[in-house]
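First, the structure itself, so that you have it in front of you.
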Amino acid sequence: MVTNVKSATIHGIEACIVTVETDIGDGLPSFDMVGLLSSEVREARERVRTALKNSGFTIPPKRITINLAPADLRKMGTYFDLPIAISILTCIGVIPEENVAEAMFIGELGLDGHTVRVNGVLPIVLKAMEQGMKRCFIPEDNLSECTLASGIEIIPVCNLNELVLGLVSNEFQQFDGIREIKSGVGDNFEYDFADVLGQVVAKRAAEITAAGMHNMLMIGTPGAGKTMIAKCMPSIMPAMSEEEKLEVAGIYSVAGMLEEGKPLLRPFRSPHHTASLTSLTGGGLNPKPGEFTLAHRGVLFFDELPEFQSRTIELLRQPLEDRCISISRMGGKYVFPSDFIFLGASNPCKCGYYPDRTKCKCSEIEVKKYMGRISGPIMDRIDLCVHVLPVRYVELNSREKSESSGEIRKRVEAAVEIQKERYRDLNINYNSQLDGRQIKDYCPLGKKETALMKDIFENMNMSVRSYHRVIKVSRTIADLCGDKEISTRHIYEAMAYRIKN
């Protein structure tokens with residue numbers, strides 16, 4: 001008799017269905033597992049055998065063969081302890097076979113039979129729902145991360161005995177939790193633009209960046225507030241949609257970084273300039289998300305951008321253009337989503353005080369060499385560049401309150417709603433996602449605007465990419481102003497942020 005129990009494994013950030021097939025027949029007593037297994041999956045044999053014994057179940061002294069299908073998909077992780085145990089108990093007749101049909105089992109087992117938390121449960125539950133499964137049995141400690149899943153019965157499992165009793169009687173404790181992960185708004189943010197003194201131009205650039213999901217580079221002297229502005233960015237970004245929540249929660253579930261009891265905020269990732277290439281792109285024997293993917297739908301901030309190695313900076317080319325990153329390994333090709341706002345901060349020179357010659361001792365060649373660490377193709381992909389000037393004493397001691405993040409966010413959300421309505425027939429939400437053909441359809445220019453862009457393109461020797469990015473930023477500025485058409489003033493403002501020197 002062969003029994004089949006459904007489980008799953010994580011391939012990159014995607015869940016793949018795995019069928020645990022168990023056959024118990026006559027022959028010398030053995031416990032064999034096949035199906036392209038990693039070492040931790042092979043070790044499940046001893047964990048399951050001991051967990052069954054300590055839970056009061058006796059395995060017959062027969063030839064036990066377990067196959068994890070499909071055989072050409074490498075199985076990794078500790079997801080299969082629970083389904084293997086259930087498959088064996090079903091095969092020997094302890095559990096009725098019909099009670100495990102249309103159900104998925106995930107979880108690691110301790111030697112005493114208790115369940116242990118595993119990473120990546122949310123994508124697996126969503127995959128089970130997509131495949132039409134009615135029930136999904138998961139470790140009790142994984143329950144909180146599955147609150148976004150609806151349309152499937154999620155049953156938390158504390159230990160093996162409890163699960164078997166439920167499967168025999170076909171009665172389970174229902175999950176009555178609130179199926180929602182709250183988005184962070186208002187006071188959930190640690191940093192607020194109300195605490196940023198002065199910097200009116202930089203705040204305006206940040207507002208445009210958040211409204212259209214553009215990329216921005218800030219250049220300024222040390223202590224001017226570049227890092228503070230970057231940390232405030234999530235507080236003015238629009239709340240995530242349900243689809244975006246699922247994407248972010250799924251990625252952080254796979255990475256084991258979904259924190260229980262905390263609201264789901266837009267990610268803010270700020271890797272150090274010594275970060276390895278693999279930690280940024282993702283990788284490993286079974287590739288896991290890197291910083292580029294962990295920043296998906298949020299902000300990726302490179303502080304002191306020129307201090308990063310050239311190879312590290314050049315890694316940004318694909319995600320900034322394609323909004324994803326492809327990784328090829330011997331086990332296959334992985335595509336990780338990487339749609340984020342890129343923020344960079346840089347000093348104008350090595351010492352940080354150029355062009356103030358009373359402090360800066362760098363030569364012109366040294367200044368150019370320092371900023372030259374950011375290549376032309378990367379600069380071409382940055383939509384806005386803003387010079388962050390030192391805060392004046394008057395601004396430092398002014399009693400006038402700075403505009404709060406909440407006030408800015410209201411304008412940003414209004415602009416985002418305009419964009420969603422405009423692109424309701426497309427699979428995009430923000431101006432920055434437009435391609436060349438869509439720009440012609442959704443960002444038409446009048447005669448004056450066309451003539452202005454022609455002069456800008458020819459006189460500034462712009463690339464096609466830069467030309468399109470100026471138009472997209474102009475469209476975002478128009479949306480923030482509530483204007484239906486792009487005018488010359490919107491283009492002038494957009495061009496003010498393209499000028500680097």
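Residues: numbered from 1 along the sequence shown.
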For Ser466 and Arg498, run side-chain hydrogen bond (donor to acceptor under 3.5 Å, both in side chains): C-alpha distance rounded to whole Å, both residues' side-chain angles, the deciding distance at 0.1 Å, then the answer. CA-CA 9 Å; Ser466 295; Arg498 292 293 301 183; 2.9 Å; yes
Does the ring pair (Phe, Tyr, Trp, His ring centres under 6.0 Å) test come out yes or no for His214 and Tyr430, once each step is laid out? CA-CA 9 Å; His214 300 289; Tyr430 307 103; 9.4 Å; no
Does Arg357 have more than 12 heavy atoms from other residues, nucleotides or ligands lying within 6.0 Å of its CZ?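 Yes, the 6.0 Å shell around CZ holds more than 12 heavy atoms from other groups.
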So does Arg392 have more than 12 non-hydrogen atoms from other groups sitting under 6.0 Å from CZ?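 Count not over threshold, so no.
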Between NZ of Lys472 and SG of Cys443, what distance do you get to the nearest 0.5 Å?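 One finds 9.0 Å between NZ of Lys472 and SG of Cys443.
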Of the non-hydrogen atoms in Glu40 and Gly77, which two are nearest, and what is the gap between them?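 Where Glu40 meets Gly77 most closely, the heavy atoms are OE2-N, 3.0 Å.
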Using a strict 4.0 Å threshold on nitrogen-to-oxygen distance, state whether Glu321 and Arg469 make a salt bridge.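 Counted as a salt bridge, because a side-chain N and a carboxylate O are separated by less than 4.0 Å.
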Is it true that Gln433 and Asp339 share a donor-acceptor pair across their side chains at a distance under 3.5 Å?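 Side chains of Asp339 and Gln433: pair found under 3.5 Å.
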Tell me, with the steps shown, if Tyr423 and Asn431 meet side-chain hydrogen bond (donor to acceptor under 3.5 Å, both in side chains). CA-CA 9 Å; Tyr423 308 128; Asn431 292 324; 2.5 Å; yes
Any donor-acceptor pair under 3.5 Å linking the side-chain atoms of Ser487 with those of Glu449?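 Judged by distance alone, the side chains do not pair up.
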First locate atom CG of Asn119, then atom CD of Glu108, and finally report the distance between them rounded to the nearest 0.5 Å.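 Asn119 atom CG to Glu108 atom CD measures 10.5 Å (nearest 0.5 Å).
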Could you go through Asp192 and Ser404, starting from their C-alpha distance and side-chain angles, then the distance that decides it, and tell me whether this counts as side-chain hydrogen bond (donor to acceptor under 3.5 Å, both in side chains)? CA-CA 6 Å; Asp192 193 289; Ser404 69; 4.9 Å; no
Atom of Ser7, atom of Phe80 and distance for their closest heavy-atom approach: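 Scanning both residues completely, I find the closest heavy atoms to be OG-CD2, 3.7 Å.
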Do Met213 and Asn429 make a side-chain contact, defined as non-hydrogen atoms from C-beta onward lying under 4.5 Å apart?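 When only atoms from C-beta onward are counted, Asn429 and Met213 do not touch, as no gap falls below 4.5 Å.
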Where Cys349 and Val367 come nearest, the two heavy atoms and their spacing: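 Distance-wise, the nearest heavy atoms are CB-CG2, 3.9 Å.
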Sequence neighbours excluded, every pair satisfying ring pair (Phe, Tyr, Trp, His ring centres under 6.0 Å) that has a member inside residues 293-321: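 Checked against ring pair (Phe, Tyr, Trp, His ring centres under 6.0 Å) - neighbours excluded - the pairs reaching residues 293-321 are Phe302-Phe308, Phe302-Phe342.
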With a 4.5 Å cut-off on side-chain heavy atoms, are Asn215 and Leu384 touching?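 No, side chains not in contact.
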Do Ile325 and Val335 have side-chain heavy atoms sitting under 4.5 Å apart?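 SC-SC contact between Ile325 and Val335 ruled out.
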Whether Ser346 side chain and Leu305 backbone form a donor-acceptor pair below 3.5 Å: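 No.
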Taking the side chain as every heavy atom from C-beta outward, state whether Ile10 and Pro123 have any pair of such atoms under 4.5 Å apart.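 Yes - at least one pair of side-chain heavy atoms lies under 4.5 Å apart.
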Verify, without hydrogens or angle tests, whether Arg117 (side chain) and Asp141 (backbone) share a donor-acceptor contact under 3.5 angstrom.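 Yes; judged by distance alone, with no hydrogens or angles, the pair exists.
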Can you tell me how far the CZ atom of Arg323 sits from the CZ atom of Phe292, to the nearest 0.5 Å?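 Rounded to the nearest 0.5 Å, the CZ-CZ separation comes out at 14.5 Å.
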Does the side-chain hydrogen bond (donor to acceptor under 3.5 Å, both in side chains) test come out yes or no for Asn142 and Glu145, once each step is laid out? CA-CA 6 Å; Asn142 283 110; Glu145 70 182 81; 3.0 Å; yes
Can you name the closest pair of heavy atoms from Ala415 and Ala211 and give their distance?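 Reported closest heavy-atom pair: CB-CB, 4.1 Å.
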Donor-acceptor pair, Tyr467 side chain versus Phe457 backbone, under 3.5 Å?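 Not a single qualifying donor-acceptor pair exists.
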Glu242 with Lys245: basic N within carboxylate O range, under 4.0 Å: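 Yes, Glu242 and Lys245 are salt-bridged.
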Using 4.0 Å as the upper bound for N to carboxylate O, is an ion pair formed by Glu458 and Lys454?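 Counted as a salt bridge, because a side-chain N and a carboxylate O are separated by less than 4.0 Å.
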Go through the steps for Glu307 and Lys350 under the test salt bridge (Lys or Arg N to Asp or Glu O under 4.0 Å), then give the verdict. CA-CA 9 Å; Glu307 296 298 330; Lys350 186 68 177 178; 3.3 Å; yes
Side-chain contact, heavy-atom cut-off 4.5 Å: Arg489 with Cys481?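 A side-chain contact under 4.5 Å exists here.
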4.5 Å side-chain heavy-atom contact, Glu364 and Tyr354: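 Result yes, sub-4.5 Å side-chain heavy-atom pair found.
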Ion pair Arg297/Glu247, N-O distance below 4.0 Å: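 Salt bridge present between Arg297 and Glu247.
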Side chains of Arg422 and Arg475: closer than 4.5 Å at any heavy-atom pair?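 Of all side-chain heavy-atom pairs linking Arg475 with Arg422, at least one is under 4.5 Å.
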Mind checking whether Pro271 and Ser279 have side chains closer than 4.5 Å, heavy atoms only?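 Sidechains of Ser279 and Pro271: no contact.
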Taking CD in Glu130 as the centre, count heavy atoms belonging to other residues, nucleotides or ligands within less than 6.0 Å. Is the count above 12?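 Counting other residues, nucleotides and ligands, CD of Glu130 exceeds 12 neighbours.
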Rounded to the nearest 0.5 Å, what separates atom NZ in Lys75 from atom CG in Leu37?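 Separation between the atoms: 6.5 Å.
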Could you state the interatomic distance from CG (Leu452) to CD1 (Ile491), rounded to the nearest 0.5 Å?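 Result: 5.0 Å between the selected atoms.
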Show your reasoning for whether salt bridge (Lys or Arg N to Asp or Glu O under 4.0 Å) applies to Lys127 and Glu14. CA-CA 9 Å; Lys127 186 69 173 181; Glu14 299 292 331; over 6 Å; no
If you take all heavy atoms of Phe336 and Thr293, which pair is closest and at what distance?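 Of all heavy-atom pairs spanning Phe336 and Thr293, the closest is CB-OG1, 3.1 Å.
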Under 3.5 Å donor-acceptor pairs involving side-chain atoms of residues 220-232, not counting sequence neighbours:
from, atom 1, to, atom 2, distance (Å)
Lys226, NZ, Gly220, O, 3.1
Lys226, NZ, Thr221, O, 3.1
Thr227, OG1, Asp303, OD2, 3.0

Taking atom CD of Glu421 and atom CG of Asp479, what is their separation to the nearest 0.5 Å?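 The CG atom of Asp479 is 12.0 Å from CD of Glu421, to the nearest 0.5 Å.
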Which pair of non-hydrogen atoms, one from Ala494 and one from Val473, has the smallest distance, and what is that distance?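 In this case the closest contact between Ala494 and Val473 is CB-CG1, 3.8 Å.
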How about Lys369: does its NZ atom have over 12 heavy atoms from other parts shown lying under 6.0 Å from it?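 Atom NZ in Lys369 is not crowded, with 12 or fewer foreign heavy atoms closer than 6.0 Å.
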